[in-house]
Each structure stands twice: as structure tokens, then as C-alpha cells.
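Before any comments, here is the structure.
Proteins get letters first, then strands, A, B, ... in listed order; numbering begins at 1 in each.
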Amino acid sequence: MLNSNHLEIPMLPHPLTSMTVREALRDAMTEEMHRDLTVFLLGEEVAEYNGAYKVSQGLLDTFGPERVIDTPITEHGFAGLGVGAAFGGLRPIIEFMTFNFSMQAIDQIINSAAKTLYMSGGQMGCPIVFRGPNGAASRVGAQHSHCFASWYAHCPGLKVISPYSAGDAKALLKAAIRDPNPVIFLEHELLYGHHFDDVSTDPEHILPIGKAYIRRKGKDVTLTAFSMMVGKALEAAEILADLGIEAEVIDLRSLRPLDVETITQSVMKTNRLVSIEESWPFAGIGSEIAALMMEQAFDYLDAPVVRVTGADVPMPYAANLESLALPQVDTIVEAAKKVCYRS
Amino acid sequence: MSQLISTEAALKAYHDMLLIRRFEERAAQLYGMGLIAGFCHLYIGQEAIVVGIQSVLKSGDSVITAYREHGHMLVCGMDPKGVMAELTGRKDGYSKGKGGSMHMFSREKNFYGGHGIVGAQVPIGTGLAFAHKYKKDQGVCIAYMGDGASNQGQVYESYNMAALWKLPVVYIIENNKYGMGTSVERSSAGPNYYGRGQGWNIPGEKVDGMELLDIIEASKRAVEHARSGKGPYILELDTYRYRGHSMSDPAKYRSKDEVEGIKINRDPIDHFKTYMTKILKITEDQVKVIENEIKTVVLEAVEFAKASPEPDLSELYTDILKEEVPFA
């Protein structure tokens, strides 16, 4: 649990329970596979190994090898196979062991899954979920630490989700599986083991895709973040509160569609914005948010928007360099102080 | 030669082959007139392949190919008017004018495109076969590709999965000798595309892709194999495209003699017509009826495509996402 004092628990009419993000994702898939026989899980090590990160623990035993399917190491091929299965009336969940490997398959994701509805004049829906861990874990080097949020969020025809808490992970994965469009579902390896007590036990509880969530209310500065960085932003907000700065922390949850309305409303109140993401600065999610706020809230900004991002380098292996390459709580605190003209 | 096909089936096959050829000739004309733009890949010369293979399929089987797909759509039963209107980018086209020559689909006819990335249709077709098996609907997927696509890595990823999971898919390699301007001799170390599934024990055959009856016989074996649960099958069809890779290709990489030689000696429509008249004793009058009918159908398609308006400007922002809200 992180910052439970300031975590706004969603108001739900049914009991909430505590579990890890890993368990929440598993429960989401289990419930949806019980609900809909066309839903199946396919990817590397998802069945007999119970998932490279144990997200699919027990699914093979529950649903059998026709619906929980180990693939060869062949991302381009099985992503395309998933698209074909979706065209053919099924609802595949395609797991990438990490999204780093989705680059092998990105042609099928963009050219086949995302564009075909448009190219077919609306005939050919592609209800498919591509999910797996995204971004930097720990000490795994440049080829295994890549955040793809802005890559996929760039593309019309996709929805892109990146949850933080276990409750959101469950409710949004269920929404993704039920969605008639291709959905990119970006998880985070370092969050898999985190416990959150916001998980609904109601199998019909799902969240709308495209709605951000204000995890902490504040009047002085808006912090936007998604996935792992929400935790960092909440920690930074604690420190800022001690300095007399009340930060509003927006968990974006969905990157496409992006909840521009919630960000705009917050910026109109706080007049200051810091965007936080793990990935590179150039053409990142923060760049987009900065541009949007210039268009939608220019007269409300009392300071230039600041982007806190990963360093503009391939991820280094050495512990000290890796730490330097990723946004840290103190970098967020400094950025917030800067836009508040406090240094 | 004995009678290998009924008169009725022969007349239909002749009709379908000639329809493709006349349709494509008109498309070329419209391209020259500026009514069709961008890329436009014609199927002239290869007509017997799709006509032969489609003749052995059952309703419910699925079909997917790349971007040289006008013929495949016509033989799947899609309306020539809708195809031609898509070529001209009009609202009554199969994709409302938003797809173009390379991107047409018909859920109703189980035609799944119409794909512009060479080889990408192969894993997708393998996925359609996966869906047939998952749903236990006895369907087979026919995944067409060219000799060019046959060198894409994802084709072999597909062969592996299809063989591993015994998926009901027939891979059709239309070897027309050139991947755009590069001949198979210059692109492929090992010219036997049909044998490239050997490592996975996928049976493969090479078939004369200009001889309709040979194609029908081979596709019966291939489709039966896939439908019976034995897994994938590969057919390599030895064929030739008469026109350039696309309308903008002057085809300077091959000689006029080479092209003319094929047209004179191996033309699939001429050959089959000879068989019809000599063996099946079909009369010139019967053939004439078909030819006239096709002339009318193609002209009507052209007139329809010209008359149909361009899509409404409001269509720019439609069909990007399906907007059924799942949590309503």
C-alpha cells in the first residue's frame, strides 16, 4: 500500500478486498473467461509455466489447453494470429512477456488490428487485448525497459490503458476484454506484487476506459502520471504538503482516449502542471499534455508546463545510472516547486 | 482427355475467369482515365487459381489475401459494382471509399481482405483457421500469398503454429515469378516454395496455375486434408501476371517476348475454353452468351462506380473505433 491516507477509495456499492495487482489481473481474466466462451489467453509461458510473471497462475487448470495456450517465441506470428482470431469472432487476450517484445509484432498491432475497421468502412471489428508488463523494471538493461505508452497512444484505432492500483487493473482489464476494439493494456512489473485494498468483488464491476482518476486533491499544482509513476507522484505530494504545496495527483489510467477534461479542469484550478512518465521526453505523453493545455487552458497557466520524464538515453544497467535515468520522487518535488516558483 | 468437370461447373468457371479478366481490363482503363488512383494491382493472367480453389470451398470457409485481390472478391461472390466503386473511391464501395484497391472486406462472404503489408495476411489467415478450430465449425481458411510474401519471416512463424496446433488452413502461394520487379531467381535461394513446410511436415504440392482442372484437383486434396483435422497444406501455383506489379509499373525487368510467350502458350482462359469446346462440346453460342453477360455486368459496374458520389466529408472521422459501450 502506498499513501493510504490520501488514496481516494472509489465509492462502490459492493465489498472491496485487498489483493496484489498480479492477482487482480488474474481474477479479471478468470471472470471474463467464465462469462464469455470466446475469450482465450495466448502467449509465451502463459499456460504450463503459469505466466512468466505468474499473472496467469492457475488459468490452465481452470480453463484447459484450448483456452490457455502457450506459444512458441514468435511475437509477430502470434500477434497476427490473434488478430485473425478476432476477425473470426473470438476475443483473444494476447500476452506479451514484456511489451519490449511487442516491437516484433507492432506491424500487426497497428496495420492489421488498429486500421482495419476504418479500411473496411466499419465492417471488420477487432476485439483483442494485447497485455503485459511495460516500462522499466529493475536492472534489466536497455532492451527490456522500454515504455511504449506514447508509441501506441499515437495511433487512432487503438485504446491504450495503463493502470496503477489493483482495483483499476481488474476493472479496466475487464473493460478491455469486453471492448469491441483493439486495446493495449500496459502493466508494470514492479507493481505486480503491490497490494491495494480497492478491488471490487463484483464480477460486473468494470470501469469506463478514458476516465482519469484524481487520487489526491490539491489546489496548488497538478501532477499527472500513470502506472508506476502514480505511486511516485503520490509520494512527492506528501513531501510537497510538508512544504505547504497542495498537489493534485491525477492518475490518467487511460492514455487513449485521454481524459483531457479532467486534466483541464484541474489545471484551471491549480494553474500549474507537472506531467510525469517513465519514458523518453521527445514526443512523449507529457509533450501531448503540454500541447493540449496550451490549447485548452493557456490563459489559466501561471507557469510553463514541466515534463518529468525518463532520461533521453537507452536504459543503462548500472544501478546508479539506472536510478538517474528514471524519474524519482525528488525530481518530481523539484519540478513541482519550480512551477510554483518555490526553490 | 476425359471429362473431369460437369458442363454446368465448367460454364461457371469460365464465367468467373472471364469476369475477372474483363473487370481488370476495365479497371486499367479507368486508371488511365484518372478515375482510379494510387496503387492498383491487376490479377490478369492468374484467374484460374482463385476460380479453381474457390470452387471446392464450402459456405463458411474463410478467405484472405494480400492486395492483388479484385479477382478473389469477385469469385467470393462480392458485387462487382461495390468493388469497382471502391476502386474509384466512392461511397458505395465496399469500404465506403475509405479502403481503396488494396483494402476491401466482406463479412457476409467471409472475405477477410485485402491487406497491404506483404505477408501480414498469412498469420491473420492462420488466426482465422484458429477460430474455425476453436469454434469447431468445420471451416477451413484459405490464405493466399505471392512468391514475394513467401520470404517473409511471419510466414514461417505461421507454418510452425499451424502445424503445431493442426489448424485447418491451406496456404496458397501464387508464384507469378516476380515480387514487384525482383524475379524469384534473384529473391529466393531454393525455388521450391511448396517444399518450404517440410521442416514441419506440412505437405506441399506444385501445381500448374494456368490449368484450371489441375488446380481444382489439387485444391480438393489440400482442403480435404485441412478440413479433416490433419493441419495445414501448401499449394504453390505456377502462374504469371501479364501486367506490371501495379499500374505504375512499366515492367522493364522482363522482356516482351517472355510475356507474349506466356500469353500465347499458357493463357488459362484460352486453354479452358479449348477444353470446353473440344471435350465438353460446349458451343460457341453458349460461350458468346457468357461473354455478353459479362460485358454488361462490367459496364454496369463502371457506370455505378462513376455515378456513386464520393463519401460524405463526415466519413473522415467515422469507423475509427466501434463505439458500443460495454459497461452501459
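Nearest heavy atom pair, residue A/Leu90 against residue B/Ala131, reads CD1-CA, 3.6 Å. A/Pro72 and B/Leu164 get closest at one heavy-atom pair: CG-CD2, 4.0 Å. For B/Trp165 against A/Asp70, the heavy-atom pair with the smallest separation is CZ2-O, 3.4 Å. Between A/Ser112 and B/Ile124, the shortest heavy-atom distance links the atoms OG-CD1, 3.4 Å.
Annotation: residues 92-99 of chain B contacts chain A through B/Tyr94, B/Ser95, B/Lys96, B/Lys98, B/Gly99 [non-hydrogen atoms, separation under 4.5 Å].
Of the atoms belonging to B/Ile64, not a single heavy atom falls under 4.5 Å from chain A. Only the backbone of A/Leu37 has a heavy atom closer than 4.5 Å to any heavy atom of chain B. Both the backbone and the side chain of B/Phe105 come within less than 4.5 Å of a heavy atom in chain A. The contact between A/Leu117 and chain B is made by backbone and side chain atoms together, counting heavy-atom distances below 4.5 Å. Interface remark: A/Ile73 contributes no atoms to any contact with chain B (heavy atom separation under 4.5 Å). Of the two parts of A/Thr38, only the backbone, made up of N, CA, C and O, holds a non-hydrogen atom closer than 4.5 Å to a non-hydrogen atom of chain B. Looking at B/Ser62, neither its backbone nor its side chain comes within 4.5 Å of chain A, counting heavy atoms on both sides. Neither the backbone nor the side chain of B/Lys133 comes within less than 4.5 Å of any heavy atom in chain A. Heavy atoms closer than 4.5 Å to chain B are found in the side chain of A/Gln108, but not in its backbone. Looking at B/Glu315, the atoms closer than 4.5 Å to chain A (heavy atoms on both sides) all sit in the backbone: N, CA, C or O. When heavy atoms are compared at a cutoff of 4.5 Å, B/Ile117 approaches chain A solely by way of its side chain, counted from C-beta outward.
For the set B/Ile320, B/Leu321, B/Asn110, the entry with the most heavy-atom pairs within less than 4.5 Å of chain A is B/Leu321. When the candidates A/Ala85, A/Gly122, A/Ser120 are compared by the number of heavy-atom contacts under 4.5 Å with chain B, A/Ser120 comes out ahead. Of the residues considered (A/Gly82, A/Pro127, A/Gly125), A/Gly125 shows the highest number of contacts with chain B, using heavy-atom pairs under 4.5 Å. Contact count versus chain B (heavy atoms, under 4.5 Å) is highest, among A/Arg67, A/Gln104, A/Gln123, for A/Gln123.
Within a 6.0 Å sphere centred on CE of B/Met180, other residues, nucleotides and ligands contribute 12 heavy atoms or fewer. For B/Glu108, the CD atom counts as loosely surrounded, since its 6.0 Å shell holds 12 or fewer non-hydrogen atoms of other residues, nucleotides or ligands. For NE2 of A/His154, the number of neighbouring non-hydrogen atoms (other residues, nucleotides, ligands) closer than 6.0 Å is 12 at most. Heavy-atom contacts from other residues, nucleotides or ligands closer than 6.0 Å to CZ of B/Phe304 number more than 12.
Side-chain N or O atoms of A/Tyr118 include none that pairs as donor or acceptor with a backbone N or O of B/Tyr317 at under 3.5 Å. Under a 3.5 Å cut-off, the side chain of B/Lys135 and the backbone N or O of A/Gly89 do not form any donor-acceptor pair.
Taking OG1 of A/Thr116 as the reference point, atom NE2 of B/His115 lies at 6.0 Å (rounded to 0.5 Å).
Here side chain to side chain donor-acceptor pair (under 3.5 Å) pairs that include residues 73-86 of chain A, with residues two or more places apart or in two chains, are A/Thr74-B/Glu157, A/His76-B/Gln154.
Ring planes of B/Tyr112 and A/Phe87: parallel class, angle under 30° (limits at 30 and 60°).
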